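In each ligand, atom 1 is the first atom listed, and ligand 1 is the first ligand listed. Because the structure is a prediction, the values reported are computed rather than measured.
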Amino acid sequence: MTVPGAGPARAPLRIGVAGLGTVGVGVLRLLEANAELIAARAGRPIVIAAVAARDRARERGIDLAGLRWHEDACGLATDPAIDVVVELIGGADGAARQVVEAALAAGRPVVTANKALIAIHGAALAAIAERCGVPLCFEAAVAGGIPVIKAVREGLAADRLTRVGGILNGTCNYILTAMRESGRDFATILAEAQALGYAEADPSTDIDGIDAAHKLAILAALAFGRPVDFGSVHVEGIRAIGALDIAFAQELGYRIKLLGIARLTEAGVEARVHPCLVPQTAPIALVEGVFNAVFAEGDFVGRIMLEGRGAGAGPTASAVVADLIDIARGTTVPVWGANAEQLSQVVSVPIGERLGDYYLRLHVLDRPGVIAEIAAILRDSGVSLKSMLQHAAPDDVAGGDAPDAVPIVLVTHQTREVAMRRALDLIAALDVVVEPPAMIRIEAG
Ligand code: NDP
Ligand code: HSE
């Protein structure tokens, strides 16, 4: 691979940063604060030469004096004063995609934290990088400061991985943790996560599970050696999770987490993001706040789990600069761990094939025979019940529009999801069921 500036003189690696928001400013601060240590590890200094953002007048709390300023981020791609482009604008298309494509095509290495871009256009971008012989690095795109790309792509390169995933969105984990611990409402906690710089520009990307799905698509491609395929990930977010389910989960010995899980089965790759009930004692249940955790399971390594801060200026900058150090040293690897023609074409498996336990919460009229009606539907659908809870909801979380309705919770034995959904549709249609049922998948963690 071509690494501009590399050579016996060990000239500084000159970088151009597109985007001076939470992460961009974090990168500039880190490069300044740890300049000596970074130069020693990279074998040469890494210096900022140029920047691009929308608003030149904005006060950013950093000194931009002496740096070249580009109105148009694409100008960085061909600026003769820089060797590497760092894209920290965000978004799968628009300026972010344009500057990355232009830089790769111009033979410039690219570092990005942009998971949307890599999940959606990663195969095409890798093809340009491969053709032009330049590195495309995205350590910060998955799980912020946790070096998970390197762990899966390089550290586990010898293993046949069968499962990968974890808590992949810091904002959602922050919200779920705070809802459980403090009982505060969703909107207040989301505003806090935004103020802390965790959330995406459009926070629905976080809370609807899309950001976690971008990251899972990237992890699955690396783990199973196949082209990145965001479209095949089943996605559900956390909007429907309320105080009642959090309270019932606690009572049953679980915590609710938004997990991304990708599995290699005999039928193909199953990839899904959705809220899960995980046992309170499972290591992943103890990962709280903005922390992320990523697990992987391989045929020789067994199971590993890495935990750390998944969002925020410092952790994300740490991952971006680690990529820059790799480029400065010249130690980069193929974008997806193997060249495009060596990637496998293993198919995707739909969510209906999931086999596992389910938590169902229903609001039903408190009348004789209701449980029997529900039990009959489950029996006819081949769904076996493990346990059932029925009592008045705690005062602060009791709800439902019908005053004589009560919540009941059913936990099933292992069931195929298609059967579970068929049963739920029939249950939802019963006159005695007064609200759409809630279904949360149960995972071991
Ligand atoms: P911000 O919204 O804080 O910053 C975005 C920056 O991009 C701003 O400086 C903005 O300029 C600039 N920008 C927007 N449009 C353009 C454009 N057309 N041309 C030039 N500059 C533009 O985003 P973050 O720093 O939070 O995120 C950046 C990337 O890092 C995203 O891909 C995100 O998903 C990813 N990421 C973020 C993490 C986090 O914790 N925040 C963690 C991991 C990854 P201006 O300031 O002038 O408006
Ligand atoms: N919005 C993302 C999160 C940033 O909350 O995890 C890190 O990718």
Side-chain angles (χ1 to χ4, degrees), residues 16-29 50-62 64 69-77 85-100 111-120 138-146 148-149 166-177 189-190 192-216 218 237-238 258 260 273 287 289-294 308-320 323:
V17 178
L20 293 173
T22 303
V23 184
V25 168
V27 166
L28 265 64
R29 289 211 171 104
V51 292
R54 276 179 303 209
D55 181 358
R56 192 166 189 172
R58 176 168 295 170
E59 172 50 44
R60 302 174 193 273
I62 45 168
L64 299 176
W69 177 275
H70 286 265
E71 295 297 335
D72 175 3
C74 277
L76 291 171
V85 171
V86 178
E87 183 279 303
L88 302 171
I89 294 172
D93 290 291
R97 183 179 175 192
Q98 285 161 15
V99 66
V100 169
V111 174
T112 178
N114 190 335
K115 46 271 161 127
L117 177 73
I118 297 297
I120 294 169
F138 46 87
E139 183 58 70
V142 179
I146 312 176
V148 63
I149 301 294
I167 294 175
L168 301 176
N169 185 270
T171 302
C172 287
N173 207 40
Y174 184 85
I175 292 172
L176 291 172
T177 303
I189 305 167
L190 172 60
E192 232 171 67
Q194 287 177 287
L196 289 163
Y198 302 156
E200 296 302 304
D202 172 3
S204 60
T205 308
D206 295 293
I207 58 188
D208 291 332
I210 297 159
D211 176 76
H214 288 148
K215 294 165 180 167
L216 186 69
I218 295 170
I238 62 167
L258 183 79
V273 169
V287 176
V290 73
F291 279 73
N292 282 193
V294 175
R309 284 192 169 76
T316 313
S318 159
V320 169
D323 277 344

Locate the shortest heavy-atom distance separating [X] from [Y]; write the atom from each residue and the value.
| X | Y | value |
| --- | --- | --- |
| A141 | I218 | CB-CD1, 4.4 Å |
| L28 | I62 | CD2-CD1, 3.5 Å |
| A311 | V290 | CB-CG2, 4.0 Å |

Would you say the side-chain atoms of [X] pair up with the backbone N or O of [Y], donor to acceptor, closer than 3.5 Å?
| X | Y | answer |
| --- | --- | --- |
| Q194 | G197 | no |
| N114 | G91 | yes |
| N173 | G289 | yes |
| D208 | I210 | no |
| E59 | G61 | yes |
| R56 | W69 | no |

Filter on side-chain hydrogen bond (donor to acceptor under 3.5 Å, both in side chains), then keep only pairs touching residues 308-320, sequence neighbours left out; what's left? none
Report yes if some heavy atom in the side chain of [X] is under 4.5 Å from a heavy atom in the side chain of [Y]; otherwise report no.
| X | Y | result |
| --- | --- | --- |
| N292 | V287 | no |
| F291 | I167 | no |
| I89 | R97 | no |

Is any heavy atom of the protein nearer than 4.0 Å to atom 41 (N) of ligand 1? yes
Heavy atoms of the protein only: does one fall short of 4.0 Å from atom 30 (O) of ligand 1? yes
Can you report which non-hydrogen protein atom sits closest to [atom], along with the distance?
| atom | answer |
| --- | --- |
| atom 39 (C) of ligand 1 | G197 O, 3.6 Å |
| atom 21 (N) of ligand 1 | A53 CA, 3.3 Å |
| atom 28 (C) of ligand 1 | L88 O, 3.3 Å |
| atom 43 (C) of ligand 1 | T316 CG2, 3.3 Å |
| atom 18 (N) of ligand 1 | A95 CB, 3.3 Å |
| atom 45 (P) of ligand 1 | R58 NH1, 3.4 Å |
| atom 38 (C) of ligand 1 | V23 CG2, 3.7 Å |
| atom 46 (O) of ligand 1 | R60 NH1, 2.7 Å |

N or O pair under 3.5 Å between [X] and ligand 1:
| X | answer |
| --- | --- |
| L20 | yes |
| A73 | no |
| A311 | no |
| E71 | no |

Does at least one non-hydrogen atom of [X] fall below 4.0 angstrom from an atom of ligand 1?
| X | answer |
| --- | --- |
| G144 | no |
| A140 | yes |
| A18 | no |

Relative to ligand 1, is I89 under 4.0 angstrom through side chain, backbone, both or neither, heavy atoms considered?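 Both the backbone and the side chain of I89 come within reach of ligand 1.
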Give the contacting part of A313 toward ligand 1: side chain, backbone, both or neither, where contact means a heavy-atom distance below 4.0 Å. neither
Sub-4.0 Å atoms of ligand 1 with respect to non-hydrogen atoms of D55: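 Ligand 1 atoms under the 4.0 Å threshold to D55: 47 (O).
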Those atoms of ligand 1 less than 4.0 Å from some heavy atom in G19: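 Result: 6 (C), 7 (O), 9 (O), 12 (C).
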Quick one: CG on D323 to CD on E139, what's the gap to the nearest 0.5 Å?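 If we round to the nearest 0.5 Å, D323:CG and E139:CD are 6.0 Å apart.
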Counting only heavy atoms, tell me which of D206, N292, T22, L76 gets closest to atom 26 (O) of ligand 1. T22
For atom 33 (C) of ligand 1, which of R54, E139, E200 has the closest heavy atom?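 Heavy atom nearest to atom 33 (C) of ligand 1 belongs to E200.
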Determine, stepwise, if the pair V100 / L117 fulfils side chain to side chain contact (heavy atoms under 4.5 Å, CB included). CA-CA 9 Å; V100 169; L117 177 73; 3.7 Å; yes
Looking at V111, T112, V99, which one forms a side-chain contact (heavy atoms from CB on, under 4.5 Å) with V86? V111
Among N169, T171, T205, which residue meets the side-chain hydrogen bond (donor to acceptor under 3.5 Å, both in side chains) test with D211? N169
Within the protein, residues bringing a heavy atom under 4.0 Å of ligand 2, chain by chain: K115, N169, G170, T171, Y198, A199, E200, D206, D211, K215, G310, A311
